2 protein chains.
Amino acid sequence: MDVLPVSWGPPRPERADAARNRAHLLATARQMLAESGPDQLTMDALAERSGLGKGTVFRRFGTRAGIFQALLDEIERGLQERVMSGPPPLGPGAPPVDRLVAYGRARVRLLLENTEIARFALDGRQPLPSSSRTPASQMHIRMLLRQLSLDGADLDLLAIQLTAALDGPLLLYLSADALTSAGPQIEQSLGSAWQDLIERVCRP
Amino acid sequence: MDVLPVSWGPPRPERADAARNRAHLLATARQMLAESGPDQLTMDALAERSGLGKGTVFRRFGTRAGIFQALLDEIERGLQERVMSGPPPLGPGAPPVDRLVAYGRARVRLLLENTEIARFALDGRQPLPSSSRTPASQMHIRMLLRQLSLDGADLDLLAIQLTAALDGPLLLYLSADALTSAGPQIEQSLGSAWQDLIERVCRP
DNA sequence: AACGTAAGCGGACTATACCCCGCATGGCGG
DNA sequence: CCGCCATGCGGGGTATAGTCCGCTTACGTT
């Protein structure tokens, strides 16, 4: 008989039409978002506008929030690339603390530029497969923390806490109006606050 | 003419029947939650079960998430009392750092005991009046931080970050199954992680 | 005690997230 | 080149969050 594997890596490579539709849906979603704001981006509207069925939209994203998560993933991919292969201090080559600070500042900026998407990507229940629910952000922070050899700290939990301290303020505790009113100033404040937090945590 | 004030303190003291209904709704909600879990706690069901109109339920809580927020508020009230007038280190009388640690551990316990409520209390959009959206948790942390006279730190933002690090991890980054499986062990880990974080941040 | 008014209430109405299941189609073995 | 079948697609169906507006009721005033 053939092999009888217990766990496949990728179970199946995703059919060609499915990939095409996914890309088309994301493009349409981005367009609708730019034109009419997040409230008008409904599942029905996205299906109709893209010329596909409602079922397809749900199959791809699972949830309304899933659309926004996918959009945010796409946006974050650019940052990930700069982190992995860009110039220091964001990219490799700088001391870990500097990279942490740079990463936080960059992410603050990115989130402030996409507050609405990020907020709508939030959802209490997550009926998704629930696996691989470890954001890239958290893994990157964890990796840099490890290089610092902080003694007596649970790196996994510390990374989770710091990730929360980076996302939480924007998504949960800073109200929408506070963001729009203070504009670019809040970016500076949040960036400095992040730097201060990192330097305190990483002090010897 | 009479006084023409620009801003009243409490504009109106809430009518008696309204208060009665609020209490009744919360009691019914708690009961339904205990009986059939959070998914069955719908606005319609709550209205019917409590013998009130749907409009009333929405007037009181504004949002489905609002119900869970109200329930969580009620649960947190007990903690608030112990914080304000209980024995140290949670209550007044202990050094600020000890109080911060004690508070975090207590809150971790409380959130772990009410994970589902907390998760459903989450909601991306907040169509609520949006004022006074500063949780008691955050204000308490901020108050204790001030007593520490950390130099060069933005206390408001640091308090927000620490609050996020306390709530966020549980609500967002620890998946539901991780909580139920690891059980009491995770409470210890999170408590210790919080203590470590606080001690790092508050180091001189 | 009667009245006027503003707050509260009810439940029909709408919009939309999400489910379901029969049909179409892409990709692979013969 | 042809047929198999799993994967993906479609769009109608359901449940429920949230809105609206006319009626009711508590409570301060005369």
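Protein chains get the first letters and strands the later ones, always in sequence-line order, with residue 1 at the start of each. The model shown is predicted, which means the values in this text are computed figures rather than measured ones.
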Whole angstroms only, please: what is the [atom1]-[atom2] distance between [X] and [N]?
X: A:L46; N: C:dA17; atom1: CG; atom2: C1'; value: 13 Å
X: B:D39; N: C:dA17; atom1: CG; atom2: P; value: 19 Å
X: A:R22; N: C:dG26; atom1: CZ; atom2: P; value: 18 Å
X: B:L41; N: D:dA15; atom1: CG; atom2: P; value: 18 Å
X: B:D44; N: D:dT19; atom1: CG; atom2: P; value: 14 Å
X: B:M43; N: D:dT16; atom1: CE; atom2: P; value: 13 Å
X: B:L25; N: C:dG8; atom1: CG; atom2: C1'; value: 13 Å
X: A:E48; N: D:dG12; atom1: CD; atom2: C1'; value: 14 Å

For residues B:L100 and B:L162, determine if any side-chain heavy atom of one lies less than 4.5 Å from a side-chain heavy atom of the other.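 Side chain of B:L100 against side chain of B:L162, heavy atoms only: no contact under 4.5 Å found.
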
Atom pairs under 3.5 Å, N or O on each side, protein against nucleotides 9-14 of chain C: can you list them with distances?
from, atom 1, to, atom 2, distance (Å)
C:dC9, OP1, B:N21, ND2, 2.4
C:dC9, OP2, B:R60, NH1, 3.4
C:dC9, N4, B:R59, NH2, 3.4
C:dG10, OP2, B:G53, N, 3.0
C:dG10, OP2, B:T56, OG1, 2.7
C:dG11, N7, B:G55, N, 3.2
C:dG11, O6, B:G55, N, 3.4
C:dC13, N4, B:K54, NZ, 3.2

Once salt bridge (Lys or Arg N to Asp or Glu O under 4.0 Å) is applied, do any residues pair with B:R59, and if so which ones, sequence neighbours excluded?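 Per chain and number, B:R59 pairs via salt bridge (Lys or Arg N to Asp or Glu O under 4.0 Å) with no residue.
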
Atom of A:V97, atom of A:C202 and distance for their closest heavy-atom approach: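 Looks like CG2-CB, 4.0 Å.
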
Please determine, for the side chain of B:T63, which listed nucleotide (D:dA26, D:dG18, C:dT16) has the closest atom?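 Comparing D:dA26, D:dG18, C:dT16 against the side chain of B:T63, the answer is D:dG18.
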
Please tabulate, one pair per line, all N/O donor-acceptor pairs under 3.5 Å involving side-chain atoms of residues 76-93 of chain A, not counting sequence neighbours.
from, atom 1, to, atom 2, distance (Å)
A:E76, OE2, A:R107, NE, 2.8
A:E76, OE2, A:R107, NH2, 2.9
A:S85, OG, A:E81, O, 3.1

Atom NE2 of B:H24 and atom CG of B:D17: how far apart are they, to the nearest 0.5 Å?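 Nearest 0.5 Å value for the NE2-CG distance: 14.0 Å.
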
So how far is it from B:F120 CZ to B:L72 CG, rounded to the nearest 0.5 Å?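 Going from the CZ atom of B:F120 to the CG atom of B:L72 covers 13.5 Å.
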
